[in-house]
Asker: 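Supplied in structure tokens, the structure appears directly below.
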Amino acid sequence: MHTSSPPPHPLAAYQSPHHAPFHWHNGPHAVLLLHGFPGTPAEMRPVGELLAQEGWSVHGLLLPGFGAQFPTLGARQQVDWQAAVDRAATELRRSYTTVLLTGNSFGAALALAAAAHLPVDGLVLFAPFWRLDSWLDALYPLAERLLPSIRPFARADFKDIDFRRELTYFLNDVDFDDPAAQAQIRQLKLPTRVLGQVRRAGQLGFVAASRVKAPVLIFQGRHDPLVTPQVTQRLARRMPNLAGYIELAGKHDLVRGLTPGWDLVIHSLRSFAGQFVDQATAPT
């Protein structure tokens, strides 16, 4: 008698508490950490821990539709993400002497748009996304009409160590050697319109950059295939108060403390953040 095998358990992304928002109160100077796409506050923890060691209060924001809310991401829009950032930055401004915004990739675009109209003291941007350096960027509007959804992992190579490491950030309880799990991952769909909303956030961040009066520090991976140095340099030239543009060894993932240039990030970030503390404590 043939018995069918039970259906595989549905993949549950971002269920670990590590992906939840976090708030560490250390004193009068606060930093708001904004994750990238499709990330969570977990990716920003190394940066937050570094600044916490310097005495900063740290707030890791989870954007709407991300983390454990990932199944709802298709219903979210750029205005939802921007409203969450603006609200969090405004609340910090009421309670802290100094407020820095620190964004990674897509989060950097949201930070720029917020800083253009909110009274923040400074920005730190990691691999700031505002467009893809590719002909695919120009074709996106057509692709959105023709392809309502995409399967980003359809051709995934589960023997690739780097790919497996990336998957563990959001599917940390999955056996990547299980053929059933591999099949499920390859079938995962992402609504194309979500990418359009991310793209819009990048465009608005680029426009806002020229209106940001606060000092801005940028970290850029020299070999980043997604946000290339040439594209980031163009963004940097729009900023009236660019405090520093630092290219370092690494690709797109600069915030997790794994890049070869992490020591340079530590030194530069400490120096940049320390200036605001010195200004706030200087005698008048």
Side-chain angles (χ1 to χ4, degrees), residues 17-37 39-67 69 76 78-126 128-129 201 204-205 208-209 211-219 239 241-244 255 265 268-282 284:
H18 195 60
H19 294 294
F22 56 89
H23 308 279
W24 307 329
H25 178 72
N26 285 330
H29 310 291
V31 57
L32 179 64
L33 303 177
L34 306 173
H35 62 78
F37 177 88
T40 70
E43 74 192 42
M44 303 301 292
R45 281 179 175 266
V47 174
E49 290 167 354
L50 172 59
L51 289 170
Q53 291 170 6
E54 300 298 306
W56 286 75
S57 293
V58 179
H59 300 261
L61 181 67
L62 177 64
L63 294 167
F66 290 84
Q69 304 171 21
R76 307 293 181 166
Q78 180 272 337
V79 292
D80 300 323
W81 304 323
Q82 194 63 59
V85 173
D86 291 359
R87 184 166 53 250
T90 299
E91 290 174 357
L92 290 180
R93 182 83 278 173
R94 295 192 186 107
S95 304
Y96 293 91
T97 302
T98 309
V99 175
L100 296 185
L101 302 184
T102 299
N104 179 40
S105 190
F106 153 70
L110 299 173
L112 282 168
H117 69 275
L118 295 177
V120 301
D121 297 287
L123 280 81
V124 180
L125 309 179
F126 290 87
F129 169 78
L204 293 176
R211 304 195 306 273
V212 175
K213 295 183 173 59
V216 182
L217 175 64
I218 297 176
F219 292 102
M239 298 177 184
N241 197 5
L242 181 65
V255 293
V265 172
S268 303
L269 189 53
R270 281 176 174 168
S271 177
F272 182 71
Q275 296 175 15
F276 297 99
V277 176
D278 294 342
Q279 291 170 9
T281 57
T284 57

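Note that this is a predicted model, so its numbers are computed, not measured.
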Asker: With a 4.5 Å cut-off on side-chain heavy atoms, are Leu33 and Pro41 touching?
Answerer: no
Asker: Check His19 against Ala42 and note the closest heavy-atom contact, atom names and distance.
Answerer: ND1-CB, 3.6 Å
Asker: Return the orientation label for the Phe66 and Phe37 ring planes: parallel under 30°, perpendicular over 60°, tilted otherwise.
Answerer: perpendicular
Asker: What pair of heavy atoms forms the shortest contact from Ala208 to Leu112, and how long is it?
Answerer: CB-O, 3.8 Å
Asker: Are Thr90 and Leu118 side-chain neighbours, meaning at least one heavy-atom pair lies under 4.5 Å?
Answerer: yes
Asker: Please determine, by modelled atom types, if Asp86 and His117 share a side-chain donor-acceptor pair under 3.5 angstrom.
Answerer: yes
Asker: So do His59 and Tyr96 actually touch side chain to side chain, heavy atoms under 4.5 Å?
Answerer: yes
Asker: Would the distance check show the side chain of Gln82 and the main-chain N or O of Ala113 forming a donor-acceptor pair, the cut-off being under 3.5 Å?
Answerer: no
Asker: With a 6.0 Å cut-off on ring centres, are Phe106 and Phe129 close enough?
Answerer: no
Asker: Are the side chain of Trp56 and the backbone of Asn26 linked by a donor-acceptor contact shorter than 3.5 Å?
Answerer: no
Asker: What are the two closest heavy atoms between Leu61 and His35, and how far apart are they?
Answerer: O-CD2, 3.2 Å
Asker: Please step through side-chain contact (heavy atoms from CB on, under 4.5 Å) for the pair Val85 and Leu63, ending with a clear verdict.
Answerer: CA-CA 8 Å; Val85 173; Leu63 294 167; 3.8 Å; yes
Asker: Can you confirm whether Gln69 sits close enough to Arg76 that some side-chain heavy atom of one is under 4.5 Å from a side-chain heavy atom of the other?
Answerer: yes
Asker: Do Phe126 and Thr102 come within less than 4.5 Å of each other through their side chains, counting heavy atoms only?
Answerer: yes
Asker: Between Ser57 and Gly27 (side chain of the first, backbone of the second, donor and acceptor by atom type, cut-off under 3.5 Å), is there such a pair?
Answerer: yes
Asker: Supply the atom-to-atom distance Arg93 CZ to Leu32 CG, rounded to the nearest 0.5 angstrom.
Answerer: 12.0 Å
Asker: Report yes if the side chains of Asn241 and Pro215 come closer than 4.5 Å at any heavy-atom pair, otherwise no.
Answerer: yes
Asker: Would the distance check show the side chain of Asp121 and the main-chain N or O of Val99 forming a donor-acceptor pair, the cut-off being under 3.5 Å?
Answerer: yes
Asker: Kindly indicate whether the side chain of Glu54, heavy atoms from C-beta on, has any atom under 4.5 Å from the side chain of His29.
Answerer: no
Asker: With a 4.5 Å limit on heavy-atom distance, are the side chains of Met44 and Val255 in contact?
Answerer: yes
